[in-house]
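Counting begins at 1 with the first residue of the sequence.
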Amino acid sequence: MTKYTDQGKQDTRSGYGAGMTELGRTNPNVVALCADLVGSLKIDTFIKESPERFFQTGIAEANMMGIAAGLTIGGKIPFASTFANFATGRVYDQIRQSIAYSDKNVKICASHAGLTLGEDGATHQILEDIGLMKMLPGMTVINPCDFNQTKAATIAIAEHHGPVYLRFGRPKVANFTPVDQKFEIGKALMLNEGTDVTIIATGHLVWEALLAAESLENQGISAEVINIHTIKPLDDKAILDSVKKTGCVVTAEEHNYLGGLGESVARVLATHYPTPQEFVATQDTFGESGTPDQLMEKYGLNNKAIEAAVLKVLKRK
């Protein structure tokens with residue numbers, strides 16, 4: 001069914017590192033900041049090749065955001081990176097006041113998002129960051145699905161003027177999108193055409209959506225799969241064109257169902273084309289310690305959960 005195959009598992013944070021390496025070589029205005037997590041963010045090569053364009057702020061994330069905002073005044077394009085929990089919840093006021101309100105050209109790059117942070121447990125597994133960031137006026141929110149797309153997104157946001165929240169993860173996941181892809185902010189990607197149900201997924205759940213669609217096809221169910229890598233601005237047209245054809249939708253994300261992709265899609269549907277929808281997401285809960293696979297299974301964030309949601313929503317058409 002699907003024309004996509006796993007080219008070999010890679011972590012999306014390494015996609016960010018690869019993108020930063022290329023930007024270091026091609027865009028002299030790009031500078032990197034990190035809050036004592038260089039190894040985890042995979043920006044070692046950028047630092048080695050451009051040490052004068054790197055700022056180690058230490059475990060002082062709010063200060064890092066303030067420095068990043070200041071650097072934009074001189075024409076620099078700062079990429080401020082740390083774990084998603086520390087890049088949002090810990091410094092929300094600083095982002096709101098110094099970056100979003102002032103429309104500063106800061107790229108907030110957040111690794112280790114969601115449950116797949118794994119064994120570090122609930123205090124580090126932020127599941128509300130998309131909601132926090134998408135509510136900030138003018139903030140672009142991007143959640144790519146694999147290594148190749150994360151690299152492409154990292155490069156693309158350097159050319160976009162304005163604050164950006166780029167979200168990626170820790171574990172090695174299927175790498176299935178094209179190496180030479182053109183990343184277009186705000187443009188959804190049709191991965192599989194179908195007629196019975198629309199599956200709209202983001203981040204790590206995109207590959208799971210493709211697996212679910214393959215299983216559903218074997219049951220005679222034709223699933224359309226859309227990769228929403230940009231949650232804000234949302235591609236309303238792609239969503240509406242699909243659901244007008246299929247008549248029902250399942251959204252899938254590694255995030256709380258409150259405030260995430262699913263709610264953004266529900267807003268579009270409620271406003272323009274009310275449609276039965278099921279949510280594959282965490283159900284207003286914190287995570288816990290465990291391997292990524294164990295947690296995704298327990299909290300219902302995998303291809304089996306997507307398949308079950310499809311069977312449920314089809315009954316509501």
Side-chain angles (χ1 to χ4, degrees), residues 83-93 95-96 108 110-136 139 141-143 145 165 167-171 173 197-206 208-209 212 226 228-232 234 239 248-271 274-313 315-316:
F83 287 4
N85 194 27
F86 309 144
T88 56
R90 179 173 286 182
V91 295
Y92 195 68
D93 179 65
I95 293 170
R96 183 183 187 275
I108 301 166
S111 182
H112 293 58
L115 284 175
T116 50
L117 174 54
E119 291 85 349
D120 285 5
T123 57
H124 284 48
Q125 294 163 352
I126 193 160
L127 293 162
E128 56 273 16
D129 54 317
I130 289 173
L132 286 169
M133 300 308 282
K134 79 177 188 181
M135 286 190 295
L136 290 170
M139 182 69 68
V141 179
I142 297 174
N143 187 38
C145 64
Y165 180 62
R167 182 190 206 244
F168 42 94
R170 176 188 195 180
V173 295
V197 61
T198 298
I199 304 174
I200 299 174
T202 188
H204 294 153
L205 271 293
V206 175
E208 298 297 320
I226 299 175
I228 296 282
H229 53 65
T230 306
I231 295 167
K232 183 186 175 186
L234 193 64
I239 294 167
C248 62
V249 60
V250 169
T251 51
E253 59 192 308
E254 188 183 349
H255 189 272
N256 194 346
Y257 80 97
L258 298 171
L261 168 69
E263 277 202 349
S264 289
V265 171
R267 174 193 55 78
V268 174
L269 299 179
T271 304
T275 307
Q277 177 181 350
E278 291 292 332
F279 297 73
V280 173
T282 58
Q283 302 298 303
D284 195 23
T285 182
F286 291 103
E288 61 185 293
S289 182
T291 69
D293 286 345
Q294 287 172 336
L295 294 169
M296 297 295 263
E297 172 76 23
K298 176 170 181 177
Y299 289 87
L301 304 181
N302 56 23
N303 60 87
K304 291 186 292 184
I306 294 171
E307 186 176 338
V310 166
L311 297 176
K312 184 176 180 181
V313 81
K315 296 177 181 178
R316 298 173 53 202

Considering non-hydrogen atoms only, spot the tightest contact between [X] and [Y] and give its length.
{"X": "Ala87", "Y": "Ala110", "answer": "CB-CB, 4.1 Å"}
{"X": "His229", "Y": "Thr202", "answer": "CA-OG1, 4.4 Å"}
{"X": "Val173", "Y": "Cys145", "answer": "CG2-O, 4.2 Å"}
{"X": "Ile126", "Y": "Ala84", "answer": "CG2-CB, 3.7 Å"}
{"X": "Leu115", "Y": "Gly287", "answer": "CD2-CA, 3.7 Å"}

Side chains of [X] and [Y] in contact at under 4.5 Å (non-hydrogen atoms):
{"X": "Phe286", "Y": "Leu127", "answer": "no"}
{"X": "Val313", "Y": "Val249", "answer": "no"}
{"X": "Phe168", "Y": "Asn143", "answer": "no"}
{"X": "Leu136", "Y": "Ile95", "answer": "yes"}

If you count every heavy atom of other residues, nucleotides or ligands that lies below 6.0 Å from Asp293 atom CG, does the total exceed 12? no

Would you find a donor on one side and an acceptor on the other, under 3.5 Å apart, between the side chain of [X] and the backbone of [Y]?
{"X": "Lys312", "Y": "Glu307", "value": "no"}
{"X": "Lys232", "Y": "Val141", "value": "no"}
{"X": "Lys134", "Y": "Gly260", "value": "yes"}
{"X": "Thr230", "Y": "Ile142", "value": "no"}

If you apply the rule side chain to side chain contact (heavy atoms under 4.5 Å, CB included), what do you find for Lys298 with Glu288, and how did you get there? CA-CA 10 Å; Lys298 176 170 181 177; Glu288 61 185 293; 2.6 Å; yes

Ile228 and Leu261: CA distance, side-chain angles, deciding distance, side chain to side chain contact (heavy atoms under 4.5 Å, CB included) verdict: CA-CA 8 Å; Ile228 296 282; Leu261 168 69; 3.7 Å; yes

Find the distance between [atom1] ([X]) and [atom2] ([Y]) and round it off to the nearest 0.5 Å.
{"X": "Ile199", "Y": "Cys248", "atom1": "CD1", "atom2": "SG", "result": "9.5 Å"}
{"X": "Met296", "Y": "Thr116", "atom1": "CE", "atom2": "OG1", "result": "5.5 Å"}
{"X": "Leu295", "Y": "Ser289", "atom1": "CG", "atom2": "OG", "result": "7.5 Å"}

Name the residue from Ile239, Leu234, Ile200, Ile130 that meets the side chain to side chain contact (heavy atoms under 4.5 Å, CB included) definition with Ser264. Leu234

CA sep, side-chain torsions, deciding dist, call: Val91, Phe86, side chain to side chain contact (heavy atoms under 4.5 Å, CB included): CA-CA 7 Å; Val91 295; Phe86 309 144; over 6 Å; no

What pairs of residues pass the side chain to side chain donor-acceptor pair (under 3.5 Å) test when at least one of them lies in residues 122-131, not counting sequence neighbours? Asp129-Tyr165, Asp129-Arg167

What I want to find out is whether Glu208 reaches Lys304 closely enough, with some N-O distance under 4.0 Å, to be called a salt bridge. no

Taking atom types as modelled and ignoring hydrogens, do the side chains of Gln294 and Tyr299 form a donor-acceptor contact shorter than 3.5 angstrom? no

Between the side chains of Thr291 and Glu119, is a donor N or O closer than 3.5 angstrom to an acceptor N or O? no

Name every donor-acceptor pair, under 3.5 Å, that has one atom in a side chain of residues 274-283 and the other anywhere in the protein, sequence neighbours excluded.
{"from": "Thr275", "atom 1": "OG1", "to": "Tyr273", "atom 2": "O", "distance (Å)": "2.6"}
{"from": "Gln277", "atom 1": "NE2", "to": "Thr251", "atom 2": "OG1", "distance (Å)": "3.3"}
{"from": "Gln277", "atom 1": "NE2", "to": "Gly262", "atom 2": "O", "distance (Å)": "3.1"}
{"from": "Glu278", "atom 1": "OE2", "to": "Arg316", "atom 2": "NH1", "distance (Å)": "2.8"}
{"from": "Thr282", "atom 1": "OG1", "to": "His255", "atom 2": "O", "distance (Å)": "3.2"}
{"from": "Thr282", "atom 1": "OG1", "to": "Asn256", "atom 2": "N", "distance (Å)": "3.2"}
{"from": "Gln283", "atom 1": "NE2", "to": "Ala281", "atom 2": "O", "distance (Å)": "2.9"}

Suppose we screen for ring-ring contact (aromatic ring centres under 6.0 Å, His included). Which residues come up paired with His112, at least two apart in sequence or across chains? Phe83

Residue pair Met139, Ile108: steps toward the side chain to side chain contact (heavy atoms under 4.5 Å, CB included) verdict: CA-CA 10 Å; Met139 182 69 68; Ile108 301 166; 4.2 Å; yes

